Amino acid sequence: MEQTKILTLLTEEFEKTNSLSRAQLEALAEANDIPFAQLAGTASFYSLFNKGPMGQVSSCKVPETALPGETREILSQPRDYAGLKAALAAPDAILGEVTASGLRGRGGAGFPVGLKWKTTLDCNAPVKYVVVNADEGEPDTAKDGAILRAVPHAVLEGMAICALCVGASQGYVYIRAEYPEEKAILEQELARARAEGFLGEHICGTDFSFDVEVVAGAGSYVCGEETALLSSLEGQRGEPRLKPPFPGVAGLFQMPTVLNNTETMANVPLVFREGAAAYRRFGTEKNPGTKVFTVCGEVERPGVYEFPLGTSLRTVLEAVGYDPANVKAIQVGGGASGGLIGPDKLDATLDIEGIAAAGGALGTGSVRVLGKDADMVTLCRNVAEFFVDESCGKCTPCRFGTKRMADLLAAMAEGRAEPGSVKELRSLSAYLTDNARCALGQAASTVLLSALALFPEEFEEPCVGGEL
């Protein structure tokens, strides 16, 4: 049986009875010629099969009317596959055009897309893959779901252009289990694109063939890490791999794989619709284009918005509406893994270098305004408990470190902290950052460290028995 079908097979079996018993797994293993140990090991890993059905998550929406200052390039792309048609007319020029556009990854790392594609293009392999990471699991981050609802065709079109560039014939969209609506919309667009000749055999009458399959996750946040996602696609537990090798060289089934975020891939058709120079008319020199942001918290109009990269944080907040007198901090970046910056940093620009200079990170583009009554210890405790629950447990620093961090913060929140707790939290944070196997553990203490820097007094007050 094709390995990428295993997760789907388990999901379908689970949905019959909302459970996965040993008898069900044994029957499934026998019927599909899969080792029982593999099925049982995989099923035990995912929240869906152990905690029950997952419904549609509540998420910020894209308002029908754009705000003043918004520039809807990604979210308003017409469904004409004009970018793919242009790429088909000059396939050898694709990599040069993507590189010239300056497009950088929108999933958090900001890696140059042209360089990533070139790595896979330069590999001599019989099979190559294109994978989109739509496993959007960060709290307060809803931009990928909004893109899939608004412009699913742009994501598929970007994948086809990428496949034409690197020489891939098969693609996968790995979508989070809590996005059933988005999955249905994407599959509807897939069927339509195949029927119209934009996917499948001999696309647009050429020799190029490429198709896409949508695979739903099963409730594992860590599968947003690229190598854990690939392991999950292969029908395994979604545990991160050591790097190198990187996916561009040895990815899905150890074959060269381009793995980009949903928003990144949705940008690609824009590059080919009008050309790299036109694409660069928005954004900055180092960060061209626009960015989709999730804005929430103490604002008047929470939602998903699109602004040129380099727009100031103040401009975005003024557009959505906020009370400057009720801002204690702003959490910017990736929800739970996003750090805090103070209200004195509102003129920081929302691009990779600009927000880094203010002490934050652009990440996935979430912006959460925390009001004056926000409790920092409680915030950090909630984040720590989230990471405890979502850690895959494969590496010791994350497995034990996140739990110890959550325990220390719980003691602080409940007024029973022991002397030396803050010192231990700092030491633990440094250890996790340096030694965790993947970005989950490495980012688990980001919000804590920024809160300690901005509001140290809040972590001293709950102490029992002396200074922390």
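These numbers come from a predicted model, not from an experiment.
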* Asked: Do E226 and K243 pass the salt bridge (charged side-chain N to carboxylate O under 4.0 Å, His left out) test, and can you show the C-alpha distance, the side-chain angles, and the key distance before you say yes or no?
  -> CA-CA 11 Å; E226 60 179 6; K243 295 182 287 188; 3.1 Å; yes

* Asked: What's the verdict on side-chain contact (heavy atoms from CB on, under 4.5 Å) for V316 and V295, showing C-alpha distance, side-chain angles and the deciding distance?
  -> CA-CA 9 Å; V316 171; V295 187; 4.0 Å; yes

* Assess whether side-chain contact (heavy atoms from CB on, under 4.5 Å) is satisfied between F253 and E234, documenting all intermediate values. => CA-CA 7 Å; F253 304 118; E234 292 172 357; 3.5 Å; yes

* To do: In sequence, state the C-alpha distance, the side-chain angles, and the governing distance for L340 and L370, and then conclude on side-chain contact (heavy atoms from CB on, under 4.5 Å).
  => CA-CA 9 Å; L340 304 174; L370 301 172; 3.7 Å; yes

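Legend: residues meeting side-chain hydrogen bond (donor to acceptor under 3.5 Å, both in side chains) with E285, ordered by chain and number and at least two apart, are R280. Not counting sequence neighbours, Q77 has no partner by the side-chain hydrogen bond (donor to acceptor under 3.5 Å, both in side chains) test. Partners of R301 by side-chain hydrogen bond (donor to acceptor under 3.5 Å, both in side chains), not counting sequence neighbours: none found. A search for side-chain hydrogen bond (donor to acceptor under 3.5 Å, both in side chains) contacts involving T315 returns S312, not counting sequence neighbours.
Side-chain N or O atoms of T311 include none that pairs as donor or acceptor with a backbone N or O of F307 at under 3.5 Å. Between the side chain of E157 and the backbone N or O of P269, no donor-acceptor pair lies under 3.5 Å. Judged purely by atom type and a 3.5 angstrom limit, K291 has no side-chain atom pairing as donor or acceptor with the backbone of P308. Side-chain atoms of N435 do not come within 3.5 Å of backbone N or O of P397 as any donor-acceptor pair. In this structure, Q331 contributes its side chain and V367 its backbone to no donor-acceptor pair below 3.5 Å. In this structure a side-chain-to-backbone donor-acceptor pair under 3.5 Å is present from T257 to M255. Between the T42 side chain and the Q38 main chain, a donor and an acceptor come within less than 3.5 Å of each other. A donor-acceptor pair under 3.5 Å links the side-chain atoms of T206 to the main chain of I203, judged by distance alone. Between the Q24 side chain and the S21 main chain, a donor and an acceptor come within less than 3.5 Å of each other. Remark: the backbone N or O of N260 is not paired with any side-chain donor or acceptor of T264 at under 3.5 angstrom.
With respect to the salt-bridge test (charged N to carboxylate O, under 4.0 angstrom), the residues K5 and E213 qualify. We find that K16 and E12 are not joined by a salt bridge, their nearest charged nitrogen and carboxylate oxygen being 4.0 Å or further apart. A salt bridge links E189 and R79; the closest N-O separation between the charged side-chain nitrogens and carboxylate oxygens is under 4.0 Å. Checked for salt-bridge contact, R149 and E182 meet the test: a charged N lies under 4.0 Å from a carboxylate O. A salt bridge is defined here as a Lys NZ or Arg NE, NH1 or NH2 lying under 4.0 Å from an Asp or Glu carboxylate O, and R314 with D347 meets this definition. A salt bridge is absent between K85 and E196: the closest approach of a Lys/Arg side-chain nitrogen to an acidic carboxylate oxygen does not fall below 4.0 angstrom. Ion pairing of R194 with D211 is present here, as a side-chain N (NZ or NE/NH1/NH2) and a carboxylate O approach within less than 4.0 Å.
Contact check for V212 versus V173: side-chain heavy atoms found under the 4.5 Å cut-off. The shortest distance between side-chain heavy atoms of V332 and L362 does not fall below 4.5 Å.
Under the 3.5 Å distance criterion, with hydrogens and angles disregarded, a donor-acceptor pair is assigned to the side chains of S231 and R241. Between the side chains of Y46 and S232, at least one donor N or O lies within less than 3.5 Å of an accepting N or O.
Aromatic rings of F198 and Y81 (six-membered ring for Trp) have centroids within the 6.0 Å cut-off, being under it.
Around NZ of K394, the count of heavy atoms belonging to other residues, nucleotides or ligands within 6.0 Å exceeds 12.
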Which pairs of donor and acceptor atoms, one on a side chain in residues 438-448, lie under 3.5 Å apart (sequence neighbours left out)?
| unit_1 | atom_1 | unit_2 | atom_2 | d |
| --- | --- | --- | --- | --- |
| Q442 | NE2 | A436 | O | 3.0 |
| T446 | OG1 | A443 | O | 3.1 |

Sequence neighbours excluded and cut-off under 3.5 Å, please list the side-chain donor-acceptor pairs for residues 136-143, or say none.
| unit_1 | atom_1 | unit_2 | atom_2 | d |
| --- | --- | --- | --- | --- |
| E136 | OE1 | D144 | N | 3.4 |
| E136 | OE1 | G145 | N | 3.1 |
| E136 | OE1 | Y179 | OH | 2.5 |
| E136 | OE2 | K143 | N | 3.0 |
| E136 | OE2 | D144 | N | 2.7 |
| E138 | OE1 | Y221 | OH | 3.3 |
| E138 | OE1 | A336 | N | 3.3 |
| E138 | OE2 | Y221 | OH | 2.8 |
| E138 | OE2 | S337 | OG | 2.7 |
| T141 | OG1 | T364 | OG1 | 3.4 |
| K143 | NZ | R106 | O | 3.1 |
| K143 | NZ | N261 | OD1 | 3.0 |
| K143 | NZ | E263 | OE1 | 2.9 |

